[in-house]
Each structure stands twice: as C-alpha cells, then as structure tokens.
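Down below is the structure, laid out as structure tokens.
As the structure lists them, so they are numbered: ligands from 1, and atoms in each ligand from 1.
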Amino acid sequence: MKYFIITGTSRGLGEAIAYKLISPDHHLICISRNINESLMAKSNNMDYLEFDLNNIEQVDTLMEKAFSKMDKANIEGVYLINNAAVISPLSRVEQGSTQEFKHNLTVNLLAPMLLTSLFIRLSQELLVEKRVLNISSSSAKHHLPGMSVYSASKAGLDVFTQCAGVEQGNNAFAVKVVSVWPGMIDTCLQEEARNTNQETFASAEIFKMVKDRGMLATPAAAAEQLVHLLLGDQFIQGNVVEELYG
Ligand SMILES: NC(=O)c1ccc[n+]([C@@H]2O[C@H](COP(=O)([O-])OP(=O)(O)OC[C@H]3O[C@@H](n4cnc5c(N)ncnc54)[C@H](OP(=O)(O)O)[C@@H]3O)[C@@H](O)[C@H]2O)c1
C-alpha cells in the first residue's frame with residue numbers, strides 16, 4: 001500500500017489530486033477544514049482529518065494521527081503533498097493587517113515546513129520510498145502589486161524545499177523533497193484574485209484577463225501532471241520544478 005497525506009482536499013487542485021490518486025493500492029489521508037463528502041464517498045481507502053492549519057501548535061498531533069492510520073507491515077511508499085494555501089491578503093504591503101500576514105504565512109509556509117519536518121521524523125524507520133511535494137507558485141519569482149505576502153510565502157517554500165533536499169541528500173531511503181509551480185488553474189483561489197476590488201488589488205485585471213482568454217488549466221489536467229511528477233523518475237531531490245508541462 002502507498003500512503004498519501006494531502007492537505008487542502010476540500011476543493012480545487014487538492015481535491016483533483018486526491019481523485020487522481022484513488023486506487024485500491026493507495027490509501028489517502030486528506031486534510032482540510034471542510035470535509036469533502038463526495039470525495040470520501042469515492043474510496044474505502046481514505047481517512048479524512050478535519051483540521052485548520054492555523055492551529056499550528058496541533059500539527060504534531062495531526063501528523064501522529066495521520067501516521068497512526070498506516071499499516072506499518074504493509075507500506076510500499078509514503079508521500080506528503082503540501083497543497084493547502086490562501087492567496088489573501090491581496091493588497092499593498094502597507095495595507096495588510098497583522099492577522100492577514102500571520103494567517104497567510106502560517107498556512108502557506110509554517111504549516112508545510114512543520115508537516116515536512118514531522119513527516120521526515122515519523123517516517124525515519126520506514127525503509128520505503130518517501131517523498132514530499134510542495135505546491136508552490138510562479139509568484140515566488142514573478143511579482144505583481146498586491147501579492148507580496150503570497151509571493152514571499154511561496155519563495156520561502158521553494159527555499160525550504162531546496163534546504164531540506166540538501167540535508168536529506170541521496171542516500172537510500174532519504175526523504176525526497178520537491179517544490180513545483182503548477183501553472184494557472186481554474187479554482188476558487190483564482191476567482192478570489194479576479195474578484196477582488198481593483199482599488200485595493202491593482203492586479204485583479206490580469207487575473208480577469210487570463211480567465212477571459214481561456215488560459216487557466218482545469219484542476220484535473222494539472223493534477224494529472226502533478227501525480228505523474230510525484231510518482232515518476234523526474235522527482236529530483238531538492239528541485240523547484242518551474243515548468244510542469246512539456
Ligand atoms: N489556482 C492557481 O492558479 C494556482 C497557481 C499556482 C499555485 N497554486 C497553488 O495550488 C494550491 C491549491 O490552490 P487552489 O487553487 O486549489 O486553491 P483553493 O481552491 O482556494 O483551495 C485551497 C485548499 O486549501 C485548503 N485550506 C485553506 N486554508 C486552510 C486552512 N487554514 N487549513 C486547512 N486547509 C486549508 C482549503 O480547504 P478548507 O477551506 O476546507 O480548509 C482548500 O481545500 C495552493 O498551494 C496554491 O498556492 C494555485
């Protein structure tokens with residue numbers, strides 16, 4: 001059995017990744033604040049942990065619970081997909097509140113860092129394939145007005161990935177950690193960006209334009225590429241994969 005811990009499976013890309021991974025040989029451990037009942041109905045090999053990643057002090061317990069779902073005598077591989085994220089605050093640096101900055105950086109950066117740390121620790125005894133896929137964004141390098149906190153969180157995630165990769169190295173049974181920019185996908189996150197008032201978020205027009213021009217991938221198409229990356233032989237230790245397609 002391969003075990004997949006996936007955050008942010010209630011909608012969007014995380015939901016599509018979970019659907020793509022459903023198989024009799026895969027056990028999914030899904031995490032989000034809202035339980036995705038339709039997803040749960042599609043598989044008997046699934047646990048759903050209702051959790052708010054802002055409860056950062058509780059992530060140790062969350063990860064211990066996730067690992068307790070695994071039958072240690074029958075593990076072929078174990079995978080963590082850090083997908084959950086928020087895009088807000090969508091405003092100029094001087095306009096964002098302390099609470100908004102904290103919320104973004106907790107969900108987008110601190111939670112995946114701690115989940116990766118716990119994943120490495122809790123899987124130490126498992127002599128199987130172990131991989132962490134961090135869902136990042138081209139916003140890490142391509143900067144737009146009003147997206148400083150989101151961009152900083154994703155740049156941080158990419159650097160964290162590279163550092164963890166250097167540490168883990170290429171020994172047998174090292175945890176491989178990779179970050180990926182999944183491209184622009186038609187999800188609630190995109191909707192929020194294009195529907196934010198242009199007076200506070202000057203880049204809303206760009207998000208409207210990409211939607212109008214049909215430039216957004218479907219979550220299912222992006223998920224297919226991501227699962228291919230996760231399970232394939234191009235999962236290179238410490239890499240930041242900037243081009244998912246091609
Ligand atoms: N869409 C794009 O164009 C695009 C482009 C580049 C990168 N990405 C990245 O792709 C990933 C998925 O984004 P998406 O577009 O699918 O966004 P989305 O549709 O807004 O979905 C976000 C997911 O994250 C979960 N989440 C948010 N806050 C959470 C919290 N406090 N605790 C637990 N779960 C939380 C949400 O579940 P609950 O609300 O139920 O908790 C939801 O399942 C993100 O990392 C995003 O940065 C997206």
If you measure from each non-hydrogen atom of [X] to ligand 1, which part falls under 4.0 Å: side chain, backbone, both or neither?
X: E15; result: neither
X: T9; result: backbone
X: F51; result: backbone

Can you check which of [options] brings a heavy atom nearest to [atom]?
atom: atom 22 (C) of ligand 1; options: G12, G14, A85; answer: A85
atom: atom 44 (C) of ligand 1; options: I17, N83, N108, N36; answer: N83
atom: atom 5 (C) of ligand 1; options: P182, S137, A16, G183; answer: G183
atom: atom 2 (C) of ligand 1; options: T7, I87, I185, D52; answer: I185
atom: atom 18 (P) of ligand 1; options: Q190, R11, E50; answer: R11

Of the non-hydrogen atoms in [X] and [Y], which two are nearest, and what is the gap between them?
X: I87; Y: A193; result: CD1-CB, 4.1 Å
X: S136; Y: D158; result: OG-OD1, 2.8 Å
X: S153; Y: N108; result: OG-ND2, 3.2 Å

Would you mind checking which non-hydrogen protein atom is closest to [atom], with the distance to 0.1 Å?
atom: atom 27 (C) of ligand 1; result: R33 NH2, 3.5 Å
atom: atom 17 (O) of ligand 1; result: L189 CB, 3.5 Å
atom: atom 37 (O) of ligand 1; result: S10 OG, 2.8 Å
atom: atom 10 (O) of ligand 1; result: I135 CG2, 3.4 Å
atom: atom 8 (N) of ligand 1; result: Y150 OH, 3.7 Å
atom: atom 7 (C) of ligand 1; result: S136 O, 3.1 Å
atom: atom 35 (C) of ligand 1; result: A84 CB, 3.9 Å
atom: atom 14 (P) of ligand 1; result: T187 OG1, 3.6 Å

Using a 4.0 Å cutoff against the non-hydrogen atoms of N54, which atoms of ligand 1 qualify?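 Going through ligand 1 atom by atom, the ones under 4.0 Å from N54 are 31 (N).
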Would you mind running through ligand 1 and noting each atom that sits below 4.0 Å from a heavy atom of M184?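 In order of numbering, the contacting atoms are 3 (O).
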Is any side-chain heavy atom of [X] closer than 4.5 Å to a side-chain heavy atom of [Y]?
X: S32; Y: T7; result: no
X: Y48; Y: L39; result: yes
X: Q168; Y: Q237; result: yes
X: M147; Y: F201; result: yes

Do [Y] and [X] meet the salt-bridge criterion of a basic N to acidic O distance under 4.0 Å?
X: K211; Y: D186; value: yes
X: E242; Y: K141; value: yes
X: R131; Y: E129; value: yes

Nitrogen or oxygen of [X] less than 3.5 angstrom from that of ligand 1:
X: L13; result: yes
X: V86; result: no
X: L53; result: yes

Report task. State the CD1-CE distance between I120 and M63, to the nearest 0.5 angstrom. Result ->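 One gets 9.5 Å once the value is rounded to the nearest 0.5 Å.
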Open item on the list: Check for me whether H103 has a heavy atom closer than 4.0 Å to any atom of ligand 1.
Closed with: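 Contact absent.
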- Query: Which residue, T9, I6, L62, forms the side-chain contact (heavy atoms from CB on, under 4.5 Å) with I31?
  - Reply: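 By the side-chain contact (heavy atoms from CB on, under 4.5 Å) criterion, I31 pairs with just one of T9, I6, L62: L62.
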#### Entry: ring-ring contact (aromatic ring centres under 6.0 Å, His included) evaluation trace for H26 with F4
CA-CA 7 Å; H26 293 172; F4 299 85; 4.7 Å; yes
